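Written out below as structure tokens is the structure these notes cover.
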Amino acid sequence: MTTANTAIQEINIAHSPDSDDAFMFYGLATNKVRVPGYKFNHTLTDIETLNHRAINEAFYDVTAISFHAYPYLQEKYTLMACGGSVGEGYGPMIVSQRKLTLDEVKKTRIAVPGTLTTAYLALKLFAPEIETAVVPFDKIIPAVVSGEFDAGLIIHEGQLTYANDGLVKLLDLGQWWRDETGLPLPLGGNAIRRSFSQETLLTTTNALRDSIQHALDHREEALEYAMQFARDLDPALANRFVGMYVNERTLNYGEDGKVAIRKLLDMGYDRGIIPIRANVDFVG
């Protein structure tokens, strides 16, 4: 909101409370990156909640989203050309207490972190008939360990820690997607309100890109900040996890990254998983 007296434009930003997102927003959240005339307010909420708030309320000015959610919110938001989490041959994983064949997996009821997550979309592209149940992402590994579910679809840091709980990987959907398409798997990005002026759209997107660059340039300090959001990860694993999802591709998707976003959403639409054709566009 701009006031005549201060001419400060406040931008409300929401992202998930994860080490990779925290690393990405470190520069802006700690005022290491400043933009004259702009004030950035940060809210931390899990990604499935952010997906629903963006769709139902268009609540935040800038919001982290799952790419799967984009078609449902594309009228109000456009994608920022930076800030994405992209799996380079890795991504969400199906894990279990015991080794199952992929045919057995397709007949198994799987705990998933939300039906708007890109992990869910990739799972449905792999096995359209698979039965799922929504479980909060940080409760999926315990639910599989306890035997409540035979398998779970894990995202975030669980991709590095599942073996500590005695679980085995049945399928990495990022690897499966790479084998199917030859492309990286785009998982999440940042969206910004279309109603902003072109100047505000570009200034805010550039501020995020500067924040990502600042974190990459000041990795040690940014990692120390991000560690407070690194559930159960030691510094070495947190560094590895952040490196998986905040890198050169986070600064710029690249042409193949943009192709991958469009292909993922087009396949979801063509196979009847997503009811709305995505019109993917970027700012910045």
Side-chain angles (χ1 to χ4, degrees), residues 15-23 44-53 64-69 85 87 89-177 185 187-188 226-245 273:
H15 59 84
S16 58
D18 304 305
S19 51
D20 55 333
D21 272 17
F23 182 90
L44 276 61
T45 309
D46 74 277
I47 193 67
E48 187 70 346
T49 300
L50 292 180
N51 288 333
H52 284 284
R53 290 206 88 168
I65 60 162
S66 302
F67 282 117
H68 181 195
S85 297
Y90 49 79
M93 297 171 180
I94 304 172
V95 298
S96 175
Q97 289 197 74
R98 57 200 177 90
K99 200 70 185 160
L100 301 171
T101 67
L102 292 186
D103 281 340
E104 288 172 324
V105 168
K106 291 176 181 180
K107 298 181 179 73
T108 299
R109 186 162 167 261
I110 291 187
V112 300
T115 56
L116 285 172
T117 60
T118 307
Y120 177 84
L121 173 57
L123 178 70
K124 283 292 191 176
L125 290 172
F126 162 69
E129 73 283 5
I130 207 159
E131 188 186 347
T132 62
V134 174
V135 174
F137 76 89
D138 54 345
K139 303 289 192 292
I140 289 177
I141 286 177
V144 176
V145 170
S146 72
E148 186 182 350
F149 292 92
D150 287 330
L153 180 63
I154 56 171
I155 57 175
H156 300 321
E157 296 93 341
Q159 295 168 56
L160 297 181
T161 63
Y162 65 89
N164 298 343
D165 293 290
L167 301 181
V168 293
K169 177 174 70 178
L170 304 179
L171 180 67
D172 185 321
L173 286 166
Q175 183 62 57
W176 170 80
W177 173 257
L185 179 59
L187 296 164
M227 277 300 296
Q228 63 188 305
F229 306 99
R231 285 171 293 269
D232 303 325
L233 292 188
D234 62 38
L237 273 184
N239 184 32
R240 186 175 153 206
F241 179 72
V242 166
M244 288 166 65
Y245 292 115
I273 303 164

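This structure is a prediction, so every number in the text was calculated from the model and none was measured. Numbers here are sequence positions counted from 1.
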Given Ser16 and Asp46, is the side-chain contact (heavy atoms from CB on, under 4.5 Å) satisfied, shown in steps? CA-CA 5 Å; Ser16 58; Asp46 74 277; 5.7 Å; no
For Glu129 and Lys107, run side-chain contact (heavy atoms from CB on, under 4.5 Å): C-alpha distance rounded to whole Å, both residues' side-chain angles, the deciding distance at 0.1 Å, then the answer. CA-CA 8 Å; Glu129 73 283 5; Lys107 298 181 179 73; over 6 Å; no
Stepwise side-chain contact (heavy atoms from CB on, under 4.5 Å) test for Phe67 and Thr118: CA-CA 6 Å; Phe67 282 117; Thr118 307; 3.9 Å; yes
Decide yes or no on side-chain contact (heavy atoms from CB on, under 4.5 Å) for Thr108 and Leu100, but give the supporting numbers first. CA-CA 9 Å; Thr108 299; Leu100 301 171; 4.1 Å; yes
Would you check, one step at a time, whether the test ring-ring contact (aromatic ring centres under 6.0 Å, His included) holds for Tyr90 with Tyr245? CA-CA 10 Å; Tyr90 49 79; Tyr245 292 115; 5.8 Å; yes
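Closest of all the heavy-atom pairs between Gln175 and Gly89 is OE1-O, 3.3 Å.
Atom CD1 of Ile47 and atom NE2 of His68 lie 13.0 Å apart (nearest 0.5 Å). Here CG of Leu123 is found 14.5 Å from CE of Met93. Values are rounded to the nearest 0.5 Å. Rounding to the nearest 0.5 Å gives a distance of 8.0 Å between CG of Asp21 and CG of Leu44.
Put simply, the side chain of Val105 reaches to within 4.5 Å of the side chain of Ile130, judged on heavy atoms. For the pair Leu160 and Glu157, the minimum side-chain heavy-atom distance is 4.5 Å or more. Residues Leu153 and Pro113 meet the side-chain proximity criterion, which asks for heavy atoms closer than 4.5 Å. Using a 4.5 Å heavy-atom threshold, the side chains of Leu50 and Ile65 count as separate.
Looking only at atom types and distance, the side chain of Asn164 has no donor-acceptor partner in the side chain of Thr161 under 3.5 Å away. Remark: the Asp103 side chain and the Thr101 side chain contain no N/O donor-acceptor pair separated by less than 3.5 Å. Checked by atom type, the side-chain pair Ser96/Asp150 shows no donor-acceptor distance below 3.5 Å.
A ring-ring contact (aromatic ring centres under 6.0 Å, His included) check over residues 109-158, counting only residues at least two apart or in different chains, returns the pairs Phe126-Trp176, Phe137-His156. Residue pairs satisfying the salt bridge (charged side-chain N to carboxylate O under 4.0 Å, His left out) criterion with at least one member in residues 131-142, sequence neighbours excluded, are listed as follows: Arg109-Glu131.
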